[in-house]
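The structure under discussion appears below in the form of structure tokens.
Chain identifiers are assigned alphabetically (A, B, ...) following the order of the sequence lines, protein sequences preceding nucleic acid strands; residue numbering begins at 1 within each chain.
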Amino acid sequence: MTRLSAIATAVLLLAALPLRAGEIPDKAFSSEADPSSRQDNASSKTLEHRSGTTFMSPDTKAIQDDDTANPGMLWALDGEELWKKKDGANEKACADCHGDARESMKGVAARYPAFDRELGRPVDLVQRVNLCRARHQQTSPLAYESREMLALTAFIAQQSRGMPITAGRDEELAPFVAKGHDLFHERQGQLNLSCANCHDDNWDKHLAGSAITQAHPTGYPLYRLEWQSLGSLQRRLRGCIFGVRAQPYEFGAPELVDLELYLMTRAAGMPLESPAVRP
Amino acid sequence: MAPALINVPKNAKRGDVIEIKALMSHIMETGYRRTASGDLVPRDIITSFSCRFNGTEIFRADLFPAISANPFISFSAVATESGKFEFEWIGDRGFSATASAAITVA
């Protein structure tokens with residue numbers, strides 16, 4: 001493509017985007033947060049719950065399915081070492097309280113974010129690890145997206161592989177699921193798009209060649225080929241928010257956790273695939 | 001040491017063509033990227049990968065900045081005898097890692 005026509009295309013795209021965004025009609029979303037009500041929306045599409053895996057090329061799927069080719073397993077291996085490593089003023093390792101993660105962490109990632117009574121709100125797996133570090137190990141928190149945090153959460157999530165997602169069942173979580181639901185349907189950014197505009201209304205289409213998926217967070221933390229790294233669901237959410245040209249929430253912001261929680265309730269019953277691979 | 005994942009069949013028949021897969025954890029920083037303040041991020045890549053079988057080198061590859069993070073290398077060999085594969089990765093900043101896997105050939 002010549003430089004001139006490339007510029008012309010770019011200008012056309014820029015001109016078209018605000019229009020396109022405005023054209024996408026709002027749908028009559030029910031305010032209740034019950035995920036099963038999603039099918040009752042005005043949408044003419046019947047919603048079959050699909051994991052991001054089903055949108056992938058056979059090549060990418062092959063990487064995910066082979067534990068010796070899946071780069072996410074490198075983090076899980078690191079996580080297994082960290083699980084046994086003593087840390088903090090109490091000289092305690094995760095294993096000193098929780099024992100063998102293969103038993104004690106089974107199903108844990110499938111029910112996170114979970115309600116923390118002390119904080120009175122949901123915490124995701126990353127925050128739970130750091131709460132444990134503060135309360136029980138008496139040591140400093142691990143940074144969001146740090147190698148150590150991704151490794152530990154990958155190792156923990158791996159123990160729930162194949163188990164159905166159960167997050168959000170706790171009654172105390174209901175108001176936070178509702179908040180996440182509202183955030184999901186709130187238009188934002190210069191493109192004035194809500195999550196739902198793509199992931200509910202247009203999941204069967206493509207965006208710049210990439211499949212738009214149904215926003216079921218079944219594989220986090222996961223290895224994204226684009227990132228060349230493992231990453232958390234919050235990283236993914238921030239990427240999407242940046243993509244609609246809005247100001248992303250900071251890592252750990254309550255809004256992101258509420259969104260994570262809502263997305264997990266949408267994916268209720270789907271098997272966890274962590275650490276998954278995505279393009 | 002950086003973790004590696006090796007996939008070699010545990011058993012093979014003499015004369016079988018076997019597939020050997022090696023995944024190594026590495027950031028493969030190209031040396032072409034810059035930070036927000038404009039400083040060049042120094043190159044940090046694996047430069048060499050080799051595989052020896054019972055002491056004899058059977059595969060070697062030079063790696064360059066265009067190769068993705070966490071390089072995954074797959075190659076084939078003919079199973080001739082039982083023995084041990086030894087893998088070695090060497091790279092910038094003194095990076096060095098090894099791994100091994102055994103095979104029984106009947």
Exercise. What do you reckon, is CD of A/Glu250 surrounded by more than 12 foreign heavy atoms closer than 6.0 Å?
Worked result: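 Not buried by this count: 12 neighbours or fewer within 6.0 Å.
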For this session: Give a yes or no on this: more than 12 heavy atoms of other residues, nucleotides or ligands lie within 6.0 Å of atom CZ of A/Phe242.
Result: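 Counting neighbours around CZ of A/Phe242, 12 or fewer heavy atoms of other residues, nucleotides or ligands fall under 6.0 Å, so no.
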Exercise. Roughly how far apart are B/Ser25 OG and A/Asp78 CG, rounded to 0.5 Å?
Worked result: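 Atom-to-atom, B/Ser25:OG and A/Asp78:CG are 6.0 Å apart.
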Exercise. Quick one: CD on A/Gln228 to NE2 on B/His26, what's the gap to the nearest 0.5 Å?
Worked result: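 It is 12.5 Å, given to the nearest 0.5 Å.
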For this session: Carefully, step by step, assess B/Leu23 and A/Met73 under the rule side chain to side chain contact (heavy atoms under 4.5 Å, CB included).
Result: CA-CA 10 Å; B/Leu23 176 67; A/Met73 298 308 291; 5.9 Å; no
Identify the two heavy atoms, one from [X] and one from [Y], that lie closest to each other, and give their separation to 0.1 Å.
X: B/Asn7; Y: A/Thr68; answer: ND2-OG1, 2.9 Å
X: B/Asn70; Y: A/Tyr223; answer: ND2-OH, 2.8 Å
X: B/Pro3; Y: A/Arg147; answer: CG-NH2, 4.2 Å

Exercise. When you look at B/Leu5 and A/Asn70, which way does the side chain to side chain contact (heavy atoms under 4.5 Å, CB included) test go after all the steps?
Worked result: CA-CA 9 Å; B/Leu5 285 166; A/Asn70 180 343; over 6 Å; no
Exercise. Considering only heavy atoms, which portion of A/Leu74 lies under 4.5 Å from any heavy atom of chain B: side chain, backbone, both, or neither?
Worked result: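 Answer is both: backbone and side chain atoms of A/Leu74 are under 4.5 Å from chain B.
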Exercise. So what's closer than 4.5 Å to chain B heavy atoms on A/Asp67: side chain, backbone, both or neither?
Worked result: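 Looking at A/Asp67, just its backbone touches chain B.
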Exercise. What part of B/Ile6 lies closer than 4.5 angstrom to a heavy atom of chain A: side chain, backbone, both or neither?
Worked result: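 For B/Ile6, backbone heavy atoms alone lie under 4.5 Å from chain A.
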